[in-house]
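Remarks on the structure that follows.
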Amino acid sequence: MSETTTRADAPPPGAALLTHRQILTILSGLLLGMFLAALDQMIVATAMKTIADELHGQTLQAWATTAYLITATISTPLYGKLSDIYGRKPMYLTAISLFLVGSLLCGIANTMYELAAFRAVQGLGAGGLMSLAMAILADITSPRERSRYAGYFMAVFGVSSVAGPVVGGLFAGMESFLGTAGWRWVFLVNVPVALIALAVVAKVLNIPHKRVNHRIDFLGAGLLTVGLVPLLIVAEQGREWGWASPTTLALCVVGVLGLTGFVWAEKRMGDEALLPLRLFERRTFSLGNAVNFLLGLGMFGGMVSLPLYLQIVKGYSATESGLMMLPMTLGIMTAAGTSGSITARTGRYKVFPVVGFGVMTAALFAFSFVGTDTPLYAPLVLMFFLGIGLGLNMQTLLVAIQNDAEPRDMGVATASATFFRQIGGTVGTAVFLSILFSTVGDRIGDALRAAFTRPDFQAALARPENQAFAGALQSGQGFDLDNTEFLSTLDPALARPFLDGFSGSIDLVFLVGSCVTLVGFVIIWFLREVPLSNRSGLERVKDGEDAAAAEDAERPAPIAMH
């Protein structure tokens with residue numbers, strides 16, 4: 001039996017409508033939680049090259065990123081289920097607390113592997129910060145008006161996109177701050193933000209909660225972990241082990257068995273599954289999440305490559321490269337705000353992801369022609385259009401999935417959209433960084449062989465200050481790509497082959513990314529546009545209760561037998 005939990009600070013029973021002011025009050029708590037996660041992503045992305053150099057693990061940076069994404073991905077649907085049972089507020093507070101603990105641990109990491117483990121703890125919190133905020137927004141707003149409120153979330157991403165690169169670059173560039181290495185404050189800065197978020201959410205996030213007694217699908221979560229982790233390790237390490245090595249093949253077998261077991265567990269659990277299989281019978285749910293997966297792949301393909309291009313190939317600092325990502329943020333905010341306003345006014349939305357995937361595909365393909373000597377304005381313009389494509393997709397796909405879901409499935413449907421996008425992002429980060437670092441060595445070698453035929457390269461080798469580098473080349477000694485700081489002090493003529501090598505590998509990443517989004521562009525045409533509801537999640541629940549009460553009232557009373 002379901003039971004309704006009531007609290008002194010909750011609206012009176014049956015109050016399903018919230019005023020605009022009440023919605024904004026609740027949003028203030030949600031936005032702080034979202035700001036915490038968004039700010040961290042921007043700070044870490046900007047400072048990751050510096051952090052990897054400090055911990056001597058440039059080629060291992062995918063571990064720190066994918067560990068975060070794995071735990072965030074797997075915990076996302078669990079938060080959906082747990083919030084249906086215990087309420088959105090306690091689970092949102094739990095997510096913030098886990099994120100805070102993870103940030104503290106990351107601030108004391110001494111190796112890249114430690115950092116990856118502690119980023120995994122952060123990810124456990126991040127999985128709830130994003131998905132629960134969207135589930136709560138679905139509870140209190142209708143699909144049509146939700147697009148308008150999405151503008152507040154885009155504003156948060158905009159502020160974090162400005163503040164993140166500045167703060168991340170500032171700390172990454174400091175040798176020490178308050179007696180601690182500057183890069184450690186990239187994570188420690190989250191602590192005061194998280195404490196403020198805890199206080200605000202505890203005070204303002206008060207909405208009615210109707211308890212739904214779920215069983216928690218821990219078996220499904222475990223099998224999903226067994227399925228995903230080995231496959232992501234292969235994506236990261238396969239180039240070193242060999243794609244046909246016994247270790248690679250064994251992990252692939254474990255991964256496939258884990259995913260097969262996950263499907264079996266979901267079928268066995270029925271409605272209590274982490275991802276109930278019946279939801280995939282709904283065309284909007286299945287197609288929408290397939291496209292979400294491809295969106296995550298393409299999005300992270302661009303986001304992990306652009307900072308590396310700006311910092312390694314163009315030589316900009318972490319702060320400068322972060323600020324140069326602002327055109328993409330402007331594109332996201334412009335597209336999301338415009339599409340949200342039109343959707344709220346007309347109720348139509350399918351055109352936006354169709355156009356969005358087309359623009360993303362064109363932008364990523366154009367990025368594959370950006371080289372070492374390309375003028376800076378070209379990638380900046382392309383970033384804006386990449387942001388346009390992302391902005392037309394992110395919120396629109398979520399609204400489509402939520403609109404098609406029943407009220408009882410709102411938590412898991414919302415979590416699923418984040419889940420599949422994060423799965424795509426996790427796979428994309430591992431695969432694209434693997435493509436980059438598995439090809440960059442050969443491309444640098446090719447560029448060096450070509451450079452030996454040029455007089456300017458030979459002249460630079462002959463200079464006294466470059467004798468150590470010349471000796472390393474002649475002896476066949478390799479260069480440590482785990483730390484690329486040597487490029488900043490190297491003679492420009494000698495550094496050029498390295499820059500060309502990195503640029504060529506990054507171009508390949510963009511080309512593969514454009515192929516991925518092209519598949520998404522084809523699939524999105526098959527998405528059926530379901531008319532958007534004007535009823536919020538709370539209103540739809542109340543409508544169901546009223547209908548059930550009316551049906552009970554009309555049912556004839558039983559005849560008493562004496």
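Atom set for the values below is all heavy atoms of this structure, side chains included, hydrogens, waters and symmetry mates excluded.
In terms of the salt bridge (Lys or Arg N to Asp or Glu O under 4.0 Å) criterion, Glu114 has no residue partners (sequence neighbours excluded).
Within the 4.5 Å cutoff, the side chain of Leu100 has no heavy atoms near those of the Asn190 side chain. Counting only heavy atoms from C-beta outward, the side chains of Leu527 and Val291 never approach each other to under 4.5 Å. Side chains of Phe293 and Arg421 form no contact here, defined as non-hydrogen atoms less than 4.5 Å apart. A 4.5 Å side-chain heavy-atom check between Phe262 and Leu219 finds every atom pair outside the cut-off.
Between Leu306 atom CG and Met328 atom CE the span is 6.0 Å, to the nearest 0.5 Å. The CG atom of Leu124 lies 4.5 Å from the OG1 atom of Thr71; values are rounded to the nearest 0.5 Å. Here the CG atom belonging to Leu364 is positioned 9.0 Å from the OG atom belonging to Ser305, to the nearest 0.5 angstrom. The CG atom of Leu228 sits 6.0 Å away from the CG atom of Leu259 when rounded to the nearest 0.5 Å. Put simply, CE on Met360 and CG on Leu294 are 9.5 Å apart, with the number rounded to the nearest 0.5 Å. We find the CE-CG distance between Met34 and Leu137 to be 9.0 Å, quoted to the nearest 0.5 Å.
For the residue pair Val512 and Phe432, the shortest heavy atom distance occurs at CG1-CE2, 3.6 Å.
In this structure, Phe280 places its CZ atom where more than 12 heavy-atom neighbours from other residues, nucleotides or ligands lie under 6.0 Å away. At most 12 heavy atoms of other shown residues, nucleotides or ligands fall within 6.0 angstrom of atom CZ in Arg268.
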Please test Thr517 against Ser514 for side-chain hydrogen bond (donor to acceptor under 3.5 Å, both in side chains), starting from the C-alpha separation and ending with a verdict.
-> CA-CA 5 Å; Thr517 54; Ser514 69; 5.8 Å; no

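Judged by distance alone, the side chain of Tyr92 and the main-chain N or O of Gly128 form no donor-acceptor pair under 3.5 Å. The closest donor-acceptor contact from the side chain of Lys89 to the backbone of Ala202 lies under 3.5 Å. Glu266 contributes no side-chain N or O that, together with a main-chain N or O of Pro276, makes up a donor-acceptor pair within less than 3.5 Å.
Among residue pairs with one or both ends in residues 116-130, those qualifying as side-chain hydrogen bond (donor to acceptor under 3.5 Å, both in side chains) are Asp40-Arg119, Asp40-Gln122, Ser103-Gln122, Arg119-Gln122; sequence neighbours excluded.
Taking the six-membered ring where the residue is Trp, the centroids of Phe357 and Phe521 are separated by 6.0 Å or more.
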